[in-house]
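None of these values were measured; they are calculated from a predicted model. All values below come from the heavy atoms of this structure, side chains included, with hydrogens, waters and symmetry mates left out. Every number for a ligand or one of its atoms is a count from 1 in the order of the listing.
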Amino acid sequence: MGTGSVLDLSVVIPAYNEEERLRQNVPGIAEFLRCKDLRFEILVVNDGSKDGTARTAKELAKIYPMVQLIDLQPNRGKGGAVRAGMLAANGRFVLFTDADQSTPIGEVDKLLDKLEIGGYGVAIGSRAVRGAEVKHPQAWYRALAGKLFGLGTKLLCIRGVGDTQCGFKAMTREAVQKIFPRVTSNTAIFDIELLVVATREGCRVAEVPVKWVNDPDTRIPYNLRSALRIWAELFRIRRVQHVSWPPKVKR
Ligand code: UDP
Ligand code: MG
């Protein structure tokens, strides 16, 4: 990869009560990237966890020196954790990925190709475009709620994206610096605001099919109350970002 920035890639992992899944998945991520001969860092963002997430990240950092802990207190929500990591990242390219590795790290190559060769500012993993491989899909009620929410997203905030919610997205550091200072959402739907801002900033967005294995063990509870909150957040994003007619993402 080119020069300019000392590191090729930063991997941001938001982590709320993730001591187990970090211990399970961080070594694999580190080994994979080491084999690719990349200069990289892994930023574990402890999002005010109540378990030993911070301690586990420090232990991992002793074995894998490219691992760093960003320690947030109290809990902000996934969006807040991701934003803290993205803004601290030093790599020429920056990926955020869930601690459960629902999309395995190996998929990063597809996103990096879009950034490096395709000239895109943002490359998002997707379960909704041809070529995606989804194993153990979500429970029917969550899938249905997701469909409705996707419709709401199009009507209220952003068009032209099949899957806004896959937790596996990469961008150039330039794009990170344009986008994330303007993202206000701390919630699990911060991605939508990210796409709205990216589009306004003129960044091209590639939607890339990825593998995705649903892990039913979730830190983002889904119930009637959280569903209502998420819808309210969609309206809030629309308001703070001054969306009148939802723009289409730039391809
Ligand atoms: N997460 C976080 N803060 C929170 C909730 C979740 O940083 O308040 C992180 C979590 O640790 C994980 C990612 O967000 O890395 C996605 O969470 P999860 O896989 O539990 O959500 P799901 O896949 O069920 O949507
Ligand atoms: Mg998950």
Side-chain angles (χ1 to χ4, degrees), residues 10-29 42-57 60 67-89 94-105 107-108 124-128 132-147 149-150 153 163-170 180 183-194 210-223 225-227 229-230 233-234:
S10 300
V11 176
V12 171
I13 308 177
Y16 179 58
N17 297 341
E18 295 286 13
E19 60 171 278
E20 210 110 295
R21 297 199 288 191
L22 287 177
R23 207 172 284 130
Q24 231 163 53
N25 292 328
V26 169
I29 296 173
I42 298 174
L43 305 178
V44 175
V45 186
N46 172 34
D47 188 16
S49 298
K50 290 171 180 65
D51 71 351
T53 290
R55 190 181 353 106
T56 301
L60 286 163
V67 173
Q68 281 179 49
L69 168 67
I70 297 174
D71 204 6
L72 304 179
Q73 290 300 335
N75 175 257
R76 290 185 190 178
K78 181 180 177 183
V82 169
R83 183 172 62 242
M86 298 303 276
L87 290 173
V94 188
L95 169 81
F96 68 81
T97 177
D98 290 346
D100 59 15
Q101 284 293 285
S102 274
T103 296
I105 188 65
E107 300 292 282
V108 73
I124 66 172
S126 175
R127 298 159 286 189
E133 280 176 57
V134 176
K135 274 202 194 125
H136 314 302
Q138 295 168 313
W140 69 268
Y141 57 90
R142 199 164 163 179
L144 178 65
K147 277 254 182 313
F149 186 71
T153 300
D163 180 8
T164 58
Q165 293 317 113
C166 180
F168 196 81
K169 295 182 171 70
F180 271 90
V183 173
T184 63
S185 181
N186 288 335
T187 72
I189 64 157
F190 75 99
D191 315 56
I192 291 170
E193 196 178 17
L194 179 174
V210 292
K211 289 185 193 148
W212 192 73
V213 184
N214 184 39
D215 181 349
D217 179 12
T218 182
R219 306 292 175 270
I220 302 175
Y222 195 80
N223 51 44
R225 207 170 128 195
S226 66
R229 261 210 219 120
I230 283 302
E233 178 67 359
L234 199 56

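Taking 4.5 Å as the limit, some side-chain heavy atom of Val94 sits within range of a side-chain heavy atom of Val12.
Checked against a 3.5 angstrom limit, the closest N/O atoms of Ala81 and ligand 1 fall outside it. The shortest N or O to N or O distance between Ala99 and ligand 1 is below 3.5 Å.
For atom 6 (C) of ligand 1, the nearest protein heavy atom (residue, atom name, distance) is Arg219 CB, 3.7 Å. Shortest contact from atom 22 (P) of ligand 1 to any protein heavy atom: Thr218 OG1, 3.6 Å. The protein heavy-atom contact nearest to atom 17 (O) of ligand 1 is Ile220 CD1, 3.7 Å. In terms of protein heavy-atom proximity, atom 15 (O) of ligand 1 is closest to Pro14 O, 2.7 Å. The protein heavy-atom contact nearest to atom 1 (N) of ligand 1 is Tyr16 CB, 3.8 Å.
By the 30° and 60° cut-offs, the orientation of the rings of Phe190 relative to Phe180 is tilted.
Using modelled atom types, one finds a donor on one side chain and an acceptor on the other under 3.5 Å when comparing Thr184 with Glu193.
Under 4.0 angstrom from ligand 1, the non-hydrogen atoms of Asp98 come from both its backbone and its side chain. With a heavy-atom cut-off of 4.0 Å, Arg21 touches ligand 1 through its side chain alone. When non-hydrogen atoms are compared, ligand 1 lies under 4.0 Å from the backbone of Ala15 (N, CA, C, O) but not from its side chain. Looking at Glu18 against ligand 1, only its side chain comes within 4.0 Å, counting heavy atoms. At a heavy-atom distance under 4.0 Å, only side-chain atoms of Asn75, from C-beta outward, approach ligand 1. Heavy atoms of Asp100 found under 4.0 angstrom from ligand 1 belong exclusively to the side chain. In Arg142, the part holding a heavy atom less than 4.0 Å from any atom of ligand 1 is the side chain.
A salt bridge links Asp98 and Lys78; the closest N-O separation between the charged side-chain nitrogens and carboxylate oxygens is under 4.0 Å.
In this structure, Gly52 and Glu19 approach most closely via the heavy-atom pair N-OE2, 2.7 Å. Here the closest heavy-atom approach between residue Ala15 and residue Ser49 is recorded as O-OG, 3.2 Å. Smallest separation of non-hydrogen atoms from Arg127 and Trp212: NH1-CZ2, 3.1 Å. Taking every heavy atom of both residues into account, Asp163 and Ser126 meet most closely at CB-OG, 3.4 Å.
Screening Glu18, Arg23, Glu20, Arg21 for a side-chain hydrogen bond (donor to acceptor under 3.5 Å, both in side chains) with Thr56, the sole residue that qualifies is Arg23.
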(request) Please test Asn75 against Arg219 for side-chain contact (heavy atoms from CB on, under 4.5 Å), starting from the C-alpha separation and ending with a verdict. (result) CA-CA 12 Å; Asn75 175 257; Arg219 306 292 175 270; over 6 Å; no
(message) Apply side-chain contact (heavy atoms from CB on, under 4.5 Å) to residues Asp191 and Phe96 and explain how you reach the verdict.
(response) CA-CA 11 Å; Asp191 315 56; Phe96 68 81; 4.1 Å; yes
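The environment of Gln138 atom CD is dense: over 12 non-hydrogen atoms of other residues, nucleotides or ligands sit within 6.0 angstrom.
Listed by atom number, the atoms of ligand 1 under 4.0 Å from Asp47 heavy atoms are 2 (C), 3 (N), 4 (C), 7 (O), 8 (O).
Each protein N/O/S atom under 2.8 Å from the Mg ion (ligand 2) was counted, for a total of 1.
Gly77 counts as a contact of ligand 1, since one of its heavy atoms falls under 4.0 Å from the ligand.
No donor-acceptor distance shorter than 3.5 angstrom exists from the side chain of Asp47 to the backbone of Pro14, with no hydrogens or angles considered.
Rounding to the nearest 0.5 Å gives a distance of 8.0 Å between OG1 of Thr218 and CG of Asp100.
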